[in-house]
Protein chains: 2
Amino acid sequence: MANRLTDLEGAALAEIAKRGAATSYAVAQAFAGSPSEFWSGSAGAVYPMIKRMAARGLLNSETALTGKRPSQTYCLTEQGVTALHGWLLDCERAAGLGFDPLRTRLVHLHLVPVAQREQFLAGVRSQFAQRTAKDAFESQPLSRKVHQTWLRARAQWLGMLDQLIE
Amino acid sequence: MANRLTDLEGAALAEIAKRGAATSYAVAQAFAGSPSEFWSGSAGAVYPMIKRMAARGLLNSETALTGKRPSQTYCLTEQGVTALHGWLLDCERAAGLGFDPLRTRLVHLHLVPVAQREQFLAGVRSQFAQRTAKDAFESQPLSRKVHQTWLRARAQWLGMLDQLIE
DNA sequence: ACAATCATGTAAGCAGTTACATGATTTT
DNA sequence: AAAATCATGTAACTGCTTACATGATTGT
C-alpha cells in the first residue's frame with residue numbers, strides 16, 4: 001500500500017472531490033470555515049500539502065491563466081479517488097477516540113476541590129451552549145446534520161457528568 | 001499571562017501532580033497506557049517537553065543517584081501548580097470540538113454510494129464494540145468512569161447515525 | 001551467560017503553526 | 001487614488017513522530 005493519507009490530506013481530497021475541482025485557496029477556506037477549530041486551514045499548511053499530493057500523483061493540476069496572475073486548479077486523479085476512498089472508509093481509524101479537550105481534562109479534575117469542579121463544568125456548559133447557538137446559523141449544506149447530531153450527543157454527555165465530579 | 005500550556009504539557013503536569021513526583025519515563029508510560037491513542041507518549045516527545053517545563057520554572061528537578069545511572073525526578077513548583085490549574089480549568093478550550101476522526105469522515109460520506117456508507121458504519125460499530133470490550137478490562141483507577149461515560153455517549157451517537165447516511 | 005526488558009535519553013524528519021511578502025481586485 | 005480585501009504563496013519556528021544509542025536490571 002502506498003503512503004497512507006493524514007487526516008488533513010484526506011479531508012482536503014474530499015473537499016476537492018466535492019467541488020470537482022478546486023484551488024488551494026478554496027480548500028483552505030473550507031477548513032477555516034469549518035465549525036471544528038482543530039485545523040486552522042492556514043495557507044502555510046494547505047498550499048504545500050496540496051503540492052505534495054500533486055507530486056504523489058493524487059491530483060492533476062491545471063494552470064489557469066485568466067489574464068492575471070497564474071493559479072493552480074486541482075482535481076483528483078484515479079489514484080487520488082482510490083486514496084480518498086481508502087481514507088474515508090477506514091473503519092479502524094474512524095473508530096478511534098481522537099482528541100477531546102474536555103475528556104482530557106475530566107480525567108484529572110479530581111486534582112481540584114469540588115467547588116472548582118462544579119464551576120468548571122458550569123463554565124463548559126455555558127461555552128458549549130453559546131457555540132451551539134452560533135453554529136445553528138452556520139450554512140454548511142449537508143455536513144450540518146452531522147454536526148448537529150454530534151452537538152446533541154455531546155450535550156447528552158455533558159448532562160451525564162454531574163455524577164463524575166463529586 | 002505567561003505562555004499557555006499545550007494540551008500535552010497540561011496533561012503531563014497533571015500526571016506529575018497526581019503522583020506528587022515523577023520521572024519523565026513514568027509520564028511517558030501514563031500516556032502510552034491511556035485508552036486514547038492520540039498521543040503516543042514517545043520518549044522523543046516527553047523527555048524534551050518535561051525539560052522545557054523545568055526550564056520555564058514549572059517543575060523542580062531532583063537528581064536521584066541510587067548507585068546506578070543518574071535520573072531526574074520532577075515535582076511541580078508553585079508556578080507549575082498555577083499553570084496546571086489555568087490549563088485544567090480553561091472552559092473555553094474544554095468546550096472546543098477537538099478532533100474526531102469519525103465526524104471528519106461523516107461530513108464527506110455522501111461522496112460514496114449508500115451501500116458503502118452502510119458498510120462503513122457497520123464496520124465502525126464493530127470496531128467500536130471491540131474497543132469497548134477491551135477497555136472494560138483496563139485498570140485506570142478514577143479516569144475509568146470518565147472514559148466509560150464517554151464511551152456510552154459515543155455509543156448513543158453511533159445509534160443516531162443511520163438517519164444521516166441515507 | 002545471555003536475552004529480554006526497563007529506563008534515559010538524542011537525532012532526524014515531518015506536518016502543522018504564525019508571520020510575512022506580494023500581486024490582483026473591489027470598495028470607498 | 002487610496003484602502004481594504006482576496007489570492008498565492010514562502011520562511012522560520014514548534015511540537016510531535018519514528019528510529020536509534022546506550023546503560024541498568026531482571027529472567028532463564
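Computed from heavy atoms alone, side chains included, the values below leave out hydrogens, waters and symmetry copies. So that the names make sense, note that chain A is the first sequence line, chain B the second, and so on, each numbered from 1. As the structure is a prediction and not an experimental result, all values here were calculated from the model.
The shortest non-hydrogen separation linking B/Ala83 to B/Leu58 is CB-CD2, 4.1 Å. Among all heavy-atom pairs drawn from A/Ile165 and A/Arg117, the shortest one is O-NH1, 2.8 Å. Across A/Ala11 and B/Thr104, no two heavy atoms sit closer than the pair CB-CG2, 4.4 Å.
Applying the side chain to side chain contact (heavy atoms under 4.5 Å, CB included) test to B/Ser40 and every residue at least two apart in sequence or in another chain returns B/Ser42.
Whole-Å rounding puts the B/Leu5 CG to D/dG15 P distance at 11 Å. Distance A/Phe99 CZ to D/dG15 P: 15 Å, rounded to the nearest Å.
For A/Arg4 and A/Trp87, the positive end is not near the middle of the six-membered ring at less than 6.0 Å and at most 45° from its axis.
In summary, A/Asp100 and A/Arg154 engage in a salt bridge, as defined by a charged side-chain N under 4.0 Å from a carboxylate O. Comment: B/Asp162 engages B/Arg125 in a salt bridge, judged by a side-chain N to carboxylate O separation of less than 4.0 angstrom. Salt bridge B/Arg131/A/Glu92: absent, no basic N to carboxylate O contact under 4.0 Å.
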Summarise how protein sits on nucleotides 6-16 of chain C as a single string, 5' to 3': B when a protein heavy atom is under 4.0 Å from the base, S for sugar-phosphate-only contact, - for no contact. SBBBBB---SS
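A heavy atom lying under 4.0 Å from DNA chain D marks none of the residues of residues 81-89 of chain B.
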When you compare the protein's N or O atoms with those of nucleotides 2-4 of chain C, which come within less than 3.5 Å of each other, and at what distance?
none

Tabulate below the donor-acceptor pairs under 3.5 Å that side-chain atoms of residues 46-53 of chain B make, not counting sequence neighbours, or state none.
{"residue": "B/Arg52", "atom": "NH2", "partner": "B/Glu9", "partner atom": "OE2", "Å": "3.4"}

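Counting Ile, Leu, Val, Met, Phe, Trp and Tyr side chains that sit under 4.5 Å apart, directly or through other members, B/Val114 stands alone, with no cluster partners.
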